[in-house]
Amino acid sequence: MSYKETLNLPKTNFPMKANLPLNEPRFLRYWEEINLYKRLLEKNRGKEVFILHDGPPYANGDIHLGHTLNKVLKDIVVRYHLMNGFYAPFVPGWDCHGQPIEYEVEKRLDRPKAEIPRDQFRQRCRDYARVFIERQKEEFKRLGILGDWENPYLTMDPAYEATIIRIFGRMYFRGLVYRGLKPIFWCYHCETALAEAEIEYHDKKSDSITVKLAFDDNPWEEENVFLLIWTTTPWTLPANVAVALHPEANYSLIEFGKEKYLLAEELSRKLFPNSRSLKVVKGQELEGRKVSHPVFDEKNSLVVTAPFVSLEHGTGIVHIAPGHGEEDFSLKDKFNLEVVMPVDNSGKFTVEAGKYSGMVIDEANEAILNDLEKKGLLLRRDSIVHSYPHCWRCKKPVIFRATKQWFLSMEKGDFRQQVLNLIPKVKWIPLWSINRITAMIKERPDWCLSRQRSWGVPLPVFYCQNCQEEVITENSIEAVATLFENEGSDSWFKKEADEILPEDFACPKCGNRSFEKEDDIFDVWFESGSSHEAVLKTRSDLRWPASLYLEGSDQHRGWFQTSLLVSVAANNKPPYQAVLTHGFTVDDKGRKMSKSLGNVVDPLDEIKRVGADVLRLWVVSSDYSKDAAASSEILDKLGEVYRRFRNTFRFLLGNLYDFENSQAVPYENLLELDRYALLRLNRVVAQVNKAFENYRFHRAYKILLNYFTNDLSGFYLDVIKDRLYVSEKDSIARRSAQTVLLEILLTTVKILAPFIPFTAEEVWFNLKPDFKKECESVHLSDWPSPVSAYLSPILERRWDVILALREEVFKKLEEARTDGLIGNSLEAKVVLEVNQKDLDFYREIIPLLEEVLIVSRVEVRLAGEELEEGEKIILVDKADGEKCERCWKYDRSVGKINPLKKVCARCIRVLNKLEGEQ
RNA sequence: GGGCCUGUAGCUCAGUAGGUUAGAGCGCACCCCUGAUAAGGGUGAGGUCCUUGGUUCGAUUCCAAGCAGGCCCA
C-alpha cells in the first residue's frame, strides 16, 4: 500500500524549466503595464537621492557584450538603491553626433556629398541615429535594464545642443579657449579634412633622401661637420623648424672623404661600413644646438630630442615640421617650435614657401630636390615603398597639414593644476583608477575642440568680414544658444550670420556689422562631456553632481576625463562624487573578442539561447575590476547555476502551498533548527549587504550561491523534508519550518531581484497575495536588512559542533554505502561513543541528530576506551526494525500497532488523525 | 616603445598583514535516492598559486626582470 497521498508533498505551478527566452518578455510587458519605473520613483519620492548618470553609448549598431556588462552593472546599482529606499532615477542617453554616423550615411549616398545641402545631409544623419537609438533601446530593455526609456537624453536634442553652446561660452569667457594651429589629415584633391576613419593605408613609393646640414655653431673640433637627416617627404622641408635625435641613442661622428658626418652609431655601420668613428655622443648632449636650414639660407633649425625617433631607418635623425606631422607637432610646446605651414587647401605652396610658391607639392618635391642637389646638400636619394595614408574617397595619398583649430587650454588659469587638485575629492573604484586619471590629466595636451565635419554641433563663432576678428560675446553665445534651443543646430546651416545674431550686433573691434559663421563643429567628446550639465542640471528629478559614473576603463581617456574637464572648466567642481570602472569583455582564453578570432559572444543571440537572466548572472559572477571572460561554455555553466537558484525557489514555493501568514510561528516557539536557519539567513543578509554597499556584486553572488547550495539544498531543506512531508499538516513542527521557509524565500527573492529580475518576478507571481504585502512586484518590495534578534552566539557555537559532527558521520555513512551495508541514509543507525564529559550533551540532542543526519536512529554511549574531550568514535550499522512505508524511517514499532499497516508509531498517529478528520 | 591593470584547480572566484596538508561553487569521477525527479543527496580526484632571479630561517604572498593578456597612448 502507498501512503503517498497522506503526505504533504510540495505543490507549485512554478515550473522547473524556465524557458527564459520565451517568458522574459511577459514580465517586460507586465512592468510596462504597472509602470514599474514610475512607481518605484513614486515610492521613494522625497527620500535620499542617488543619481547614477548614464554614459551615452554611440547610436550605431546593435549592442554587444560590452554594453551588456556595462548596463547590467548599472541596472543592479539602480535596482539596489531603489529597493533600499533611495530616489534613484536612471535616465539613459545616447551619443548621436559624430564621424562614424556621418561616414555610414555618406557611404549610402547616391551622389557626391558636396551636392547635398548640409542641412539635408544632417537630416539623414539624424534619421540614421534615430533608427539605432530605437534598436538599442529595445535591446537594453530586453536585458531588463530599468530606466526612463520614454525620455532618454540625446546629445542631438535641441536643449542639449543649447547647453553645449552655453558651456563653450563659459569656458571662453573664463579665458580657457583659444584658436591655434594643429596638423590634421588633409586630402588636397578633395580639398577636405579627413578623420582617422576616413583614411586607408596603401603602399606608396616615396623618395627616401638623406640631407646634410651644417652646424651653425660647430661644437666639434673637426671642420666640415654635417648632421645627416632623413625624410621621405622632401616637400615638407620648407616647413622644417627642427631636427630630432633620440635622447638615449649613441650618435657617431664619422669620417667620409673630406667631410665628417653625424648619425646614429648603429646606422652608421650600415650606411658607411668602412668609415672610422671619430667620436660618439648621446643624442641628449646635442639638444639645443642649431644647424642650417635645409631650404632657406636665412633660417636655421633647432636640434631637439624625441623618444619616437626611429633607429631602424635612415640616419636616426629626423626632420621636424610641426605643421606637417603629428609627432612633430607634439614637440611644439616642449621646444617652443613655430608651426610653419606653407600649403593651401589644394596642396599648393603659398607665398610663405618663397620660390616654391604656387607649385603643387608634387612638383615642388622635384624642385626642392634639385635645389638641394645644386647646393651639394643631398647626400643620397633613393626610393622606398611604405604604407602611407590615402583618402577613402579619391584613393590618392593625403598629407598632414596644420589648420586653425579651437582648443581648450590646459595651462591657462592654471587649469590643469586645478583639475589635478580636484581628482582626489572623487571616490575612484577600484583604487588604482585614480592613478590612471591623474597620469592622463598630467600628460594630456590641450584639447582640440573643433572638427571639420558636418554631423555635430557648430562652434558658435563669428568672424568679422572687415577685420577678420573672431567674435564670441555674451550676446552672440546667447543668440546661438536660444536659436538652437528653439530650432536645433541645423538652423546654423540654414541661416546667415545676420539672421542669427541680434539686430544691431557689431564687431567689438571695428564696429563692422557683417560676419561669417564658423564652419567647424565640436568634437563629440565635448558634447558627451557636457552631459552632466545638459542632463543633470536641466531635469527636475535629477541632481548635479552625479552620485556615480560607471563605465569601462577606456573612459579614463574618454568620458570620465572629458566630463571632468568640462565640469571643472564651467563649474570649478567635478561632475561626479564617485567613479566606478570595469574591465572589458574577453574570451575564455583572455583574448579580446573579434570577428577574425571567431570568439565573439553576441548578447542578442544569447538572450535567445539562454535568456537575459543567465546573461545577467554572467555579469554578476565576473569580477568587473578585471576583464570579464565569456564564451558559450561559460554561459552554459551559468545556466547550471541559474537552475540551482530556480529549483531552490521552486522547492520553497512548493512547500508553502498550504501556509498562511496567520499560521506563522512566533520566533520563541520555533524549533531550534529553524531558529538556526534564520540565524544563517541573517548572516548571509549581512554579508550580502556589505558586498552590495561596496559594489562587490560577484562576492554577493558567491555568498548567495554558496548559501543556496550548502545551507539550503545541502542541509536545511534536505533535513526538514521529513517534518514537512510526514508531520501533520498543522503541527507546530511543520508550521515552524514553513514560517522559516517563507522568510528565506522572501529574503532571497528580494536580494536576487537586482541580479535576475525576471526570475525573481516569476517567483513573486507564484507567491500568495498574503505574503506580498500588496507589492505588485518584487521590485517594489523593500530590501531586507539583518535582524539582530535572530543572532545568538550560543546557538551558533552549538551548531558549529553539530555540523562538524554531521560531516564526520557522512564520511562514515559513505563508507557503509560503499560496503553495501546501506543505501539511503535512513537505512542506518549511528552510534556515537564519547567521553564522559560529552555524554549529556550528545544524549540531549539525539532527536536533533536523528533529524539532521537523516538516519533512523542515533545512539550515544560512553566509549570503552579513553577519549579526549570532544573526541568520539562513530559507528554505523543497519537500522533496527522495519521500514515504515509512510515515512521510510526504520523503527521497531513498524507493524506492531496494526499488523496490516507497515507504518511506525508516529505515522499511525498522523494517519488516525487524518481518518478522524474525514 | 610608454602609462595603468590582470595572471591561484578544467571554469568562475576566495585567500595568505610571509609560516604545518592553499579554499569555495560549478564541472568531472564514483555512489545513493526516486516523495524538489530533464530534480535532490553523499564521497572523492583535481593546483610548479604565470616564469626566473633577489630579500628571508622560510615566498603563492615582498622586490626586480621577463612571459602572456587587457585598456589607453605612441
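Residue numbers start from 1 in every chain, and the chains themselves are labelled A, B, ... in the order their sequence lines are given, proteins ahead of strands.
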If I pick the [atom1] atom on [M] and the same atom on [N], what distance separates them, to the nearest angstrom?
N	M	atom1	answer
B:A38	B:U43	P	25 Å
B:G53	B:A39	P	50 Å
B:U8	B:G47	C1'	8 Å

My understanding is that a pair needs two contacts under 3.5 Å, Watson-Crick or G-U wobble. By that rule, which nucleotide pairs with [N]?
N	answer
B:G1	B:C73
B:C30	B:G42
B:U6	B:A68
B:U48	none

Are there any protein N/O atoms within less than 3.5 Å of an N/O atom in nucleotides 4-9 of chain B, and if so, which ones and at what distance?
none

* Comparing A:Asn824 and A:Met16 on RNA chain B - which has the more 5′ nearest nucleotide ->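 Between the two, 5'-proximity favours A:Asn824.
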* Please state how far atom CG in A:Leu821 lies from atom C1' in B:C31, giving the value in whole angstrom units. =>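 The distance from CG of A:Leu821 to C1' of B:C31 comes to 14 Å, rounded to the nearest Å.
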* **Candidate nucleotides B:G25, B:C31, B:G35, ranked by approach to the side chain of A:Arg817 - the nearest** =>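 From the listed options, B:C31 comes nearest.
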* Asked: Stacking between A:Phe308 and the base of B:G1 (centre distance under 5.5 Å, interplanar angle under 30°)?
  -> no
* Distance-only polar pair, side chains of A:Glu728 and A:Asn8, donor-acceptor under 3.5 Å -> no
* Report yes if a side-chain nitrogen or oxygen of A:Lys589 is closer than 4.0 Å to either non-bridging phosphate oxygen (OP1 or OP2) of B:G69; otherwise report no. => no
